[in-house]
Amino acid sequence: MPLKYISLVTLTVQNSALILVMHYSRIMPTSTSTPNAPRYFTSTAVFLNEVIKLAICAAVALRDGKRRDDASFSLGVFGKEVFGGDAWKLMIPAALYTLQNNLQYVAVSNLDAASFQVTYQLKILTTALFSVTMLHRSLSLLKWISLILLTAGVAIVQLPTSSSPAASHTTTDMNPTLGLVAVLVACLISGLAGVYFEKVLKGTSATLWVRNVQLSCFSLIPAIIGMVSKDGVQIRDLGFFWGYNPVVWGAIMLQAAGGIVVALCVAYADNIMKNFATSVSILISFIASVYLFSFVITMNFVIGCSVVLFATYLYTKPDAPKKEGYLPAPAHAPNEDGKKDERQA
């Protein structure tokens with residue numbers, strides 16, 4: 001199987017698990033007796049996410065560098081690859097991704113999983129918009145229709161019904177307005193950061209893993225700033241790993257893996273295909289929720305699933321060739337004047 005499809009399948013599975021685990025980590029019962037204490041500090045989770053990504057990407061990049069040029073490769077050469085040249089270009093998407101990760105935690109803390117998943121699919125349209133404006137990518141009318149249908153289909157799948165007995169892990173601590181604003185801004189940032197990173201990645205000779213090391217290194221700076229400014233006092237009083245448990249660690253590991261898989265998708269596919277894989281993962285998450293959270297499959301799910309599958313078919317369908325007049329395609333080579341022979345075969 002081509003690496004392109006392997007990365008897309010992996011991203012689909014990772015996203016399916018991430019949303020469920022991340023949301024549960026923010027609403028699960030706590031065993032702490034400290035009043036007004038947080039479940040855990042999400043800013044530390046974002047920081048650890050970047051540290052784990054940095055460690056994985058650095059290890060792979062070092063191994064890749066030794067394999068390419070074992071004789072002359074050294075840590076000094078690797079350092080120049082990471083921090084030399086146009087590495088500064090990664091500062092912008094690094095800051096954007098860090099902000100996006102923090103906003104995701106705000107959103108899943110204040111919205112139920114279904115609402116978060118549906119609204120977060122607006123990043124498909126923002127990605128397409130930035131792809132057209134920044135990468136000068138041309139999308140046919142059919143593909144624009146498929147993007148709209150995909151978004152509508154995912155929304156239909158997750159629409160709540162008044163008669164649905166589906167269980168919901170909502171709490172009185174949730175602020176839906178704050179969650180909605182957070183996820184909308186995260187969608188905008190996701191589209192901009194993803195397309196910007198794709199432009200940098202495909203316009204350079206640096207390897208994918210070196211670019212990811214650069215991205216993680218530059219992400220540590222805004223992550224530390226956010227951690228200190230947001231939770232610095234409480235971290236000092238309660239500790240860095242306050243409230244951590246296997247579920248929290250699972251969310252961190254899944255998010256770290258997602259960043260690496262997304263980079264693979266950007267390199268071997270494109271951002272819009274990546275977002276389609278993410279959308280399919282919502283359907284998987286919905287099915288998993290039937291067993292985990294006692295959700296009930298409704299007519300909305302059946303209709304929405306059909307729309308999503310149809311939209312995926314439309315997007316992957318090749319565009320019809322453009323017709324140039326009514327004459328059949330020329331059957332002969334150009335004549336001496338450099339013009340095509342328009343005689344019929």
Side-chain angles (χ1 to χ4, degrees), residues 15-28 38-43 45-46 49 95-130 147-162 164 166-195 222 226 229-231 251 254-255 258 262 271 274-276 278-283 285-286 289 292-293 295 298 300-301 303-304 307-308 311:
N15 270 276
S16 303
L18 174 62
I19 300 302
L20 297 173
V21 175
M22 183 183 289
H23 177 69
Y24 182 67
S25 73
R26 299 305 296 162
I27 56 91
M28 64 182 178
R39 298 177 183 277
Y40 62 93
F41 301 111
T42 58
S43 60
V46 172
N49 166 39
L96 291 174
Y97 277 130
T98 303
L99 178 58
Q100 175 194 341
N101 290 337
N102 279 283
L103 289 172
Q104 281 183 336
Y105 276 104
V106 174
V108 298
S109 300
N110 292 281
L111 294 174
D112 59 81
S115 298
F116 173 77
Q117 287 176 323
V118 171
T119 312
Y120 200 50
Q121 294 317 294
L122 290 176
K123 65 181 181 178
I124 298 174
L125 295 180
T126 61
T127 300
L129 181 60
F130 285 118
L147 288 171
I148 296 174
L149 284 176
L150 177 66
T151 306
V154 172
I156 293 173
V157 166
Q158 299 292 353
L159 278 177
T161 58
S162 58
S164 174
S168 177
H169 290 279
T170 57
T171 67
T172 56
D173 295 332
M174 289 185 178
N175 185 340
T177 302
L178 176 60
L180 179 61
V181 172
V183 73
L184 289 176
V185 177
C187 288
L188 183 63
I189 293 174
S190 175
L192 176 59
V195 173
S229 61
K230 180 184 176 184
D231 302 314
L254 284 170
Q255 193 170 37
V262 165
N271 258 298
K274 176 200 73 178
N275 284 327
F276 266 89
T278 305
S279 299
V280 173
S281 71
I282 291 181
L283 302 182
S285 299
F286 188 91
S289 297
L292 298 176
F293 302 128
F295 285 154
T298 64
N300 286 350
F301 173 78
I303 296 174
V307 173
V308 168

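Note that the coordinates shown come from a computational prediction; the quantities given were computed from them, not determined experimentally. Positions are given from 1, in the same order as the sequence printed here.
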message = Using a 3.5 Å distance criterion without hydrogens, assess whether the side chain of Ser43 forms a donor-acceptor pair with backbone atoms of Gly226.
response = no

Nearest heavy-atom neighbours spanning Ala251 and Val21 = N-CG1, 3.6 Å

remark   = What one should report as the nearest heavy-atom pair of Ala182 and Val106 is CB-CG1, 3.7 Å

inquiry  = Tell me if a side-chain donor or acceptor on Asn49 pairs with a main-chain N or O of Ala45 at a distance below 3.5 Å.
reply    = no

task = Looking only at non-hydrogen atoms, find the nearest pair between Thr127 and Gly191 and report the distance.
result = OG1-CA, 3.5 Å

key: Nearest-0.5 Å distance that lies between atom CZ in Arg39 and atom CD1 in Ile27   = 7.0 Å

query = Going from CG on Asn102 to CD1 on Ile189, what distance comes out if it is rounded to the nearest 0.5 angstrom?
reply = 10.0 Å

ask   = Which atom pair, heavy atoms only, marks the closest approach of Val183 to Leu180?
value = CG1-O, 3.1 Å

query = Nearest 0.5 Å, what's the CE-OH distance between Met22 and Tyr105?
reply = 4.5 Å

query = Between Thr126 and Leu192, is a side chain to side chain contact (heavy atoms under 4.5 Å, CB included) present by the stated rule, with each step listed?
reply = CA-CA 7 Å; Thr126 61; Leu192 176 59; over 6 Å; no

Test item: Ser190 side-chain N/O and Cys187 main-chain N/O as donor-acceptor pair under 3.5 Å = no

task = Can you measure from CG (Leu18) to NE2 (His23) and round to the nearest 0.5 angstrom?
result = 12.5 Å

key: Atom pair OH (Tyr40) and CG (Asp231), whose distance is rounded to the nearest 0.5 Å   = 11.5 Å

key: Nearest heavy atoms of Asn110 and Asn175, plus distance in Å   = OD1-N, 2.9 Å

Non-hydrogen side-chain atoms of Lys230 and Phe41 separated by less than 4.5 Å = no

query = What pair of heavy atoms forms the shortest contact from Val307 to Gly153, and how long is it?
reply = CG1-CA, 3.6 Å

